[in-house]
Amino acid sequence: MLSNEAKVAIDFSRKNIKPDQGNSLTPEIALEARKETDAGNQYQIPNDVKLSIINDKLVKGEFYLRNSGAPNTVLMFLHGGAYATGTVYSRRKLAIKLGKASNVDVFSVDYTQYPEGRHPTAQNDVINAYHFLEKKYKHILVFGESAGATLALTLTLQLKQEHKKLPDRIAVFSPVINQLNTSSSEYLRNDRDPMLVGATKPVPYFEDPSLPDPLVSPIYGNYSCFPPIFINCGSEEVKYDSSAILNELCQEAHVDMKWKVWNGLFHVFVLFDMPETDLAINQIGSFFKAGFNND
C-alpha cells in the first residue's frame, strides 16, 4: 500500500511535471529546467558532512565528506535528467542520504550535458572522474538514476572494454538502456507513469541515438564479468522494460545481481520525500556495505 506521501508525489508529478515532458527539449528549455529544479530542491548540508567543490579542467563535481565511515571507499553519484536538465545541486539530498546509508564519502559528478555538449562528452567526463577517484580511494561504488544510471552502465562497460579496474558495486535506479524509446512499456505504461511521457523522441544529447553502440544504448552491452549490481525501478514507469531487459542480460551473464520493482511507483520516485524513498535508500546502502570493509 502506498504511503500518503507517495500519493501526493504522484498527484504533483502528474499535474506539474508530466505535462512538460512532451515538449521538444530545446537548449532554452533545458537551461531553464536546471534553474527550476535547483530552485525547487534547496537543501541544508548536515553538520557532519563537509562540502568540497572540485572544478578542475577534466573533473568537476562535489565531494560530500563524512567525519566517519569507510575511509578507503567512495560512492560515485551520477544524476539523471535526460542528459540535459539535471544538476548536482538538485540531487544533493539524495547523494548525501545515500552516503549516510552506505557510510562512505560521496563524489557527485558534474558532467557535461546538452546543449553545452553532446555524446560522448558526458561519457568522457564520467571516465575522467572515475580515474580521479581511483587516485584517492581503494574502492569505488557507483550509483546512478535515470540518465545517470545509463552512465553508470556505460562507464563500467567502457572500463571492461579497456581492461581497467571496475567499480566494486553498482546500483542503478530507473535505468534507460535503449535511446530509441520504442519498448512496449513506453506505450503500455504511458498513462500509468505520472512522471514521464512514453515513446517520445530520443533525447537531443545523442546525434545518432540509433547506433548499436553499448556506450549509447547499454542494451548492446556484454555484461559478463560485471560487478554486483542492484537494479531498482517502479512498476508503473514507462522505462520499466529497460530494467526488465537489464535484469535478463545480467542473469544470462551470471552477474551477482538483484532487481527490485517498487509496486505502484514511478520513474525515479527516489527523488521525492516519502517513506518508500527512505526504504529504497537503506536497501541500497545495505547492498553497498555488503561489498566492502574498512581495509
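This structure is a prediction, so every number in the text was calculated from the model and none was measured.
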Between Asp273 and Lys93, does any NZ, NE, NH1 or NH2 come within less than 4.0 Å of an OD or OE carboxylate oxygen?
yes

Hey, does Leu2 have a side-chain heavy atom less than 4.5 Å from the side chain of Ile10?
yes

Please tell me if the side chains of Ile245 and Ile177 come closer than 4.5 Å, counting only heavy atoms from C-beta onward.
yes

Restricting to non-hydrogen atoms, name the atom on Arg34 and the atom on Ala84 that form the minimum distance, rounded to 0.1 Å.
NE-O, 2.6 Å

Give the minimum heavy-atom separation between Pro209 and Ser217, together with the two atoms involved.
O-OG, 4.2 Å

Under the criterion ring pair (Phe, Tyr, Trp, His ring centres under 6.0 Å), which of Phe77, Tyr64, Phe132 is the partner of Phe107?
Phe132

When Asn124, Val216, Thr112 are each screened for side chain to side chain contact (heavy atoms under 4.5 Å, CB included) with His119, the one that passes is Val216

Expected output: side-chain Asp168 to main-chain Ile140 donor-acceptor under 3.5 Å:
yes

For His267 and Ser146, which I'm curious about, is there any donor-acceptor pair between the side chains at under 3.5 Å?
yes

Run the ring-centre check on Tyr83 versus Tyr114 and record whether the distance is less than 6.0 Å.
no

Do Ile53 and Val49 sit in the same hydrophobic cluster, where Ile, Leu, Val, Met, Phe, Trp and Tyr count as joined when their side-chain heavy atoms come under 4.5 Å apart?
yes

Determine whether Phe288 and Leu94 fall in the same hydrophobic cluster, where Ile, Leu, Val, Met, Phe, Trp and Tyr are linked whenever their side-chain heavy atoms lie under 4.5 Å apart.
yes

For residues Leu155 and Leu98: do they belong to one hydrophobic cluster (side chain heavy atoms under 4.5 Å, members Ile, Leu, Val, Met, Phe, Trp, Tyr)?
no

Taking everything shown except Lys15 itself, do over 12 heavy atoms lie less than 6.0 Å from its NZ?
no

Does CG in Asn263 sit with more than 12 non-hydrogen atoms of other residues, nucleotides or ligands closer than 6.0 Å?
no

Contacts of Ser183 that satisfy side-chain contact (heavy atoms from CB on, under 4.5 Å) - sequence neighbours left out:
Ser185, Glu186, Asp241

For the atom pair NZ (Lys57) and CG (Asn128), what is the distance rounded to the nearest 0.5 Å?
11.0 Å

Would you say the side chain of Phe272 lies within less than 4.5 Å of the side chain of Leu265, judging by non-hydrogen atoms?
no

More than 12 heavy atoms from other groups under 6.0 Å of NZ on Lys100:
no

Please determine whether side-chain contact (heavy atoms from CB on, under 4.5 Å) holds for the pair Ile54 and Asp110, giving the CA-CA distance in whole Å, both sets of side-chain angles, and the decisive distance to 0.1 Å.
CA-CA 9 Å; Ile54 304 298; Asp110 186 5; over 6 Å; no

Step through the shown structure and confirm whether more than 12 heavy atoms of other residues, nucleotides or ligands are within 6.0 Å of CG on Asp56.
yes

Is there a side-chain contact between Tyr137 and Val104 (heavy atoms, below 4.5 Å)?
no

Measure the CG-CD distance between Asp213 and Gln179 for me, rounded to the nearest 0.5 Å.
10.5 Å

If you define the side chain from C-beta out and look only at heavy atoms, does anything of Leu159 sit under 4.5 Å from Ile127?
yes

When clusters are formed by joining ILVMFWY residues with side-chain heavy atoms under 4.5 Å apart, either directly or through shared neighbours, do Val109 and Tyr43 land in the same one?
no

In short, Pro175 meets Ser242 closest at the heavy-atom pair O-CB, 3.2 Å

Hey, what do you get for OG (Ser108) to CZ (Arg92), rounding to the nearest 0.5 Å?
9.0 Å

Assess whether a salt bridge exists between Glu145 and Arg91, defined as any Lys/Arg side-chain N lying under 4.0 Å from an Asp/Glu carboxylate O.
yes

Looking at Thr37 and Ala33, would you say the former's side chain and the latter's main chain have a donor-acceptor pair under 3.5 Å?
no

Check: Pro167 and Tyr130 side chains under 4.5 Å, non-hydrogen atoms:
yes

Rounded to the nearest 0.5 angstrom, the OG-CD1 distance for Ser286 and Ile281 is 12.0 Å

Of the non-hydrogen atoms in Cys250 and Met257, which two are nearest, and what is the gap between them?
CB-CG, 4.0 Å

For the NZ atom of Lys7 and the CE atom of Met274, what is their distance to the nearest 0.5 Å?
12.5 Å

Pairs under 3.5 angstrom only: tabulate donor-acceptor contacts from the side chains of residues 219-232 to other protein residues two or more places apart or in another chain.
unit_1: Asn222; atom_1: OD1; unit_2: Ser224; atom_2: N; d: 3.0
unit_1: Asn222; atom_1: OD1; unit_2: Ser224; atom_2: OG; d: 2.9
unit_1: Tyr223; atom_1: OH; unit_2: Pro218; atom_2: O; d: 2.7
unit_1: Asn232; atom_1: OD1; unit_2: Trp262; atom_2: NE1; d: 2.8

For a quick test of reading the model, state the closest non-hydrogen atom pair linking Gly234 to Tyr240 and the distance between them.
O-CD1, 3.7 Å

Begin with the C-alpha distance, continue with both residues' side-chain angles, and end with the deciding distance and a verdict on side-chain contact (heavy atoms from CB on, under 4.5 Å) for Lys164 and Glu134.
CA-CA 11 Å; Lys164 303 287 181 61; Glu134 278 189 308; 5.9 Å; no

Walk me through whether Thr154 and Gln123 qualify under side-chain hydrogen bond (donor to acceptor under 3.5 Å, both in side chains).
CA-CA 7 Å; Thr154 59; Gln123 181 76 12; 2.6 Å; yes

Could you check whether any side-chain heavy atom of Lys239 comes within less than 4.5 Å of a side-chain heavy atom of Leu196, counting everything from C-beta outward?
yes

Would the distance check show the side chain of Ser174 and the main-chain N or O of Val268 forming a donor-acceptor pair, the cut-off being under 3.5 Å?
yes

Would you mind reporting whether Val106 and Arg66 have side-chain heavy atoms less than 4.5 Å apart?
no

Begin from the C-alpha positions of Val74 and His139 and carry the test side-chain contact (heavy atoms from CB on, under 4.5 Å) through to its verdict.
CA-CA 6 Å; Val74 67; His139 303 288; over 6 Å; no

Under 3.5 Å, is there a donor-acceptor pair between the side chain of Asp193 and the main chain of Arg189?
no

Decide whether Trp259 and Val176 are clustered together by the hydrophobic rule: side chain heavy atoms of Ile, Leu, Val, Met, Phe, Trp, Tyr closer than 4.5 Å, transitively.
no

Pair Lys18 + Glu237, salt bridge at N-O below 4.0 Å
no

Examine distances only and state if a side-chain atom of Ser235 and a backbone atom of Gly264 form a donor-acceptor pair shorter than 3.5 Å.
yes

Gly99 versus Leu75, closest heavy-atom pair with distance
N-CD2, 4.3 Å

Other residues, nucleotides and ligands only: do more than 12 of their heavy atoms fall within 6.0 Å of CD on Glu252?
yes

Test Leu78 against Thr150 for side-chain contact (heavy atoms from CB on, under 4.5 Å), laying out the working first.
CA-CA 9 Å; Leu78 301 171; Thr150 310; over 6 Å; no

Parallel, tilted or perpendicular for Phe269 and Phe173, by the 30°/60° rule?
perpendicular

Cation over ring face, Arg118 and Tyr205, 6.0 Å, 45°
no

Is Lys60 paired with Asp125 through a side-chain N to carboxylate O contact shorter than 4.0 Å?
no

Rounded at 0.5 Å granularity, tell me how far CG in Asn247 sits from NZ in Lys260.
14.0 Å

Which is it for Glu62 and Ser52 under the side-chain hydrogen bond (donor to acceptor under 3.5 Å, both in side chains) test, yes or no, and what are the steps along the way?
CA-CA 6 Å; Glu62 294 185 347; Ser52 177; over 6 Å; no

